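Before any comments, here is the structure.
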2 protein chains.
Amino acid sequence: METTNDGQVPRAVVHRLSLYLRELQQLMKNGRSTTSSTQLGKLLGFTDAQVRKDLAYFGQFGYPGIGYRCEELLVAIKNILGTDHEWPVAIVGVGNLGRALLGYRGFHNQGFRVVAAFDTDSKKVGEKIEGILVYPTEQISEVIRQHRIRLGMIAVPANSAQIVADELVRSGVEGIVNFAPVTLAHPAGVWVERVDLAIELEQLSFSVVNRQQNT
Amino acid sequence: METTNDGQVPRAVVHRLSLYLRELQQLMKNGRSTTSSTQLGKLLGFTDAQVRKDLAYFGQFGYPGIGYRCEELLVAIKNILGTDHEWPVAIVGVGNLGRALLGYRGFHNQGFRVVAAFDTDSKKVGEKIEGILVYPTEQISEVIRQHRIRLGMIAVPANSAQIVADELVRSGVEGIVNFAPVTLAHPAGVWVERVDLAIELEQLSFSVVNRQQNT
DNA sequence: TAGATTGTTAATCGATTAACAATC
DNA sequence: TAGATTGTTAATCGATTAACAATC
């Protein structure tokens, strides 16, 4: 019996699911056809118990005495994460970072396709970058609906991020990756993942300065 | 009395410290001179108790009945994070993403300065991007030592990320932000922050598909 | 003063790990 | 068979929240 969590899967578990997926893809690339909770745990620095517990939230995927079939577990995880079919994605902000995201191969490998980009700069509007047309921000709603886009990425300056987020939400976007270093307000039913590049370095700075004994 | 953690500050706490710092910067930009655990909590979606508990790991920064002086708390957090002085940083890999990182203003704002870039591509070597010279990867060790660089960012393809990481570590780098979608092996005493852009989208995909009731 | 807010202790809640029967 | 490994329960560990005296 569960406690209070009530079928809610912890964020941390879902995040590790993505990591398991990456390791499985790697293992398969290396020609491995089966793996085990011990192996996955070793690769990622988790205990074997944690790997099994995480997977147990979603079902039974292994074979006692054998382990997990890579292909099978990989497909199962993609199903859980929802990346068994391709997601069209929009990018708002075609500066340095936005351009890099437009050209990032890793998205397509994992089931995401950037289909539209937006910018306020009239010099950029109309341009095709990596084969993707840049629309004016005024057309966000129209284009998002046309393409049935449910996921967006924000790569605009901090001071316009909230306005862009509001517009994306109004247009029906349900998930946002926010690269601007601000906290976005958003309604329930919309999810935001914040990626703050400077924070990553800050975390390292702290670790180095405070020389912790953990890895 | 502490339990077993023994003065070790949880990662999550340090991460929230960075978020408090961002909010303080924002508040000050808006002309606020004091704040409170309640206000910080509301802005970030935490409880007031959590804010106070987090700060308590590092000392006493507030005034009962008053709250926190923004400027003062900001300086204190920068001290804790180690960003009270500037850190020189290296970037390996000058593809789409590497270039974007070279031009990212957010680093300098937070106390980081990219001082060197590396790439294997002889067409890129010697080029100056955003005022930063691109060196051949063979010179990683030499340049890193010259500039006393302790933090690096890896923006190379997945299959060469480990080799680059090893070389950075050999050169004395103590902290790495890894943008390649692979798990890096590394010795204790070296810290790695993994940023996997596709994983961010995967997490959103999961949330949208599984329509959780939390925010 | 009354109201606001801190720092901190104790209580609660949740997540990780250990252990083991069942299975191949 | 003996060895390996799962899924799951119970025990442990750690993190969050509630509560409140002290303070301004």
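Every value quoted in this text rests on a predicted model; they were computed, and no experiment measured them. Sequence lines set the chain letters: A, B, ... in the order given, protein chains first and strands last, and positions in each chain run from 1.
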For this session: Would you please test B:Ser18 and A:Glu202 for side-chain hydrogen bond (donor to acceptor under 3.5 Å, both in side chains) and show each step?
Result: CA-CA 7 Å; B:Ser18 280; A:Glu202 272 177 14; 2.5 Å; yes
For this session: Grab the CG-C1' distance between A:Leu55 and C:dT16 for me, whole Å please.
Result: 15 Å
For this session: Kindly say if B:Arg16 contacts the phosphate of D:dA15, meaning a side-chain N or O under 4.0 Å from OP1 or OP2.
Result: no
Problem set entry | Upstream residue (5' side of DNA chain C) when B:Ser36 and A:Ala12 are each assigned their closest nucleotide | B:Ser36
Seminar exercise, completed: Residues of residues 58-73 of chain B with a heavy atom under 4.0 Å from any atom of DNA chain C, listed by number, are B:Gln60, B:Phe61, B:Gly62, B:Tyr63, B:Pro64, B:Gly65, B:Ile66, B:Gly67, B:Tyr68
Exercise. Does OP1 or OP2 of C:dT6 have a side-chain N or O of B:Ser37 closer than 4.0 Å?
Worked result: yes
Problem set entry | Residue pairs fulfilling salt bridge (Lys or Arg N to Asp or Glu O under 4.0 Å) with at least one residue in residues 74-90 of chain A, sequence neighbours excluded | A:Glu86-A:Arg113
For this session: Can you sort out the partners of A:Asp48 under salt bridge (charged side-chain N to carboxylate O under 4.0 Å, His left out), two or more places apart, ordered by chain and number?
Result: A:Arg52
Seminar exercise, completed: Sorted by number, residues from residues 38-54 of chain A placing a heavy atom under 4.0 Å from DNA chain D are A:Arg52, A:Lys53
Exercise. Restricting to pairs with a member in residues 38-47 of chain B, which pass side-chain hydrogen bond (donor to acceptor under 3.5 Å, both in side chains), not counting sequence neighbours?
Worked result: B:Thr35-B:Gln39
Problem set entry | Residue pairs, two or more places apart or on separate chains, that pass ring-ring contact (aromatic ring centres under 6.0 Å, His included) and touch residues 60-85 of chain A | A:His85-A:Trp87
Got a list of side-chain donor-acceptor pairs under 3.5 Å for residues 146-156 of chain B, not counting sequence neighbours?
{"from": "B:Arg150", "atom 1": "NE", "to": "B:Glu174", "atom 2": "OE1", "distance (Å)": "2.6"}
{"from": "B:Arg150", "atom 1": "NH2", "to": "B:Glu174", "atom 2": "OE1", "distance (Å)": "3.3"}
{"from": "B:Arg150", "atom 1": "NH2", "to": "B:Glu174", "atom 2": "OE2", "distance (Å)": "3.3"}

Exercise. Quick one: B:Gln8 CD to D:dC13 P, roughly how many Å, whole number?
Worked result: 16 Å
Problem set entry | Any residue meeting side chain to side chain donor-acceptor pair (under 3.5 Å) with A:Asn109, in chain and number order, not counting sequence neighbours | none
Exercise. Once Watson-Crick and G-U wobble pairs under 3.5 Å are found, how is DNA chain D written in dot-bracket notation, 5' to 3', with | for any base paired to another strand?
Worked result: ..||||||||||||||||||||||
Counting only pairs under 3.5 Å, give me each side-chain donor-acceptor contact of residues 95-105 of chain B, with atom names and distances, residues two or more places apart or in other chains.
{"from": "B:Arg99", "atom 1": "NH1", "to": "B:Glu127", "atom 2": "OE2", "distance (Å)": "3.4"}

Problem set entry | B:Thr137-B:Glu167 side chain donor-acceptor pair, cut-off 3.5 Å | no
For this session: Just jot down the side chain to side chain donor-acceptor pair (under 3.5 Å) partners of A:Arg32, sequence neighbours excluded, or say none.
Result: none
Seminar exercise, completed: Applied to residues 62-71 of chain A, the salt bridge (Lys or Arg N to Asp or Glu O under 4.0 Å) test, sequence neighbours excluded, yields A:Arg69-A:Glu72
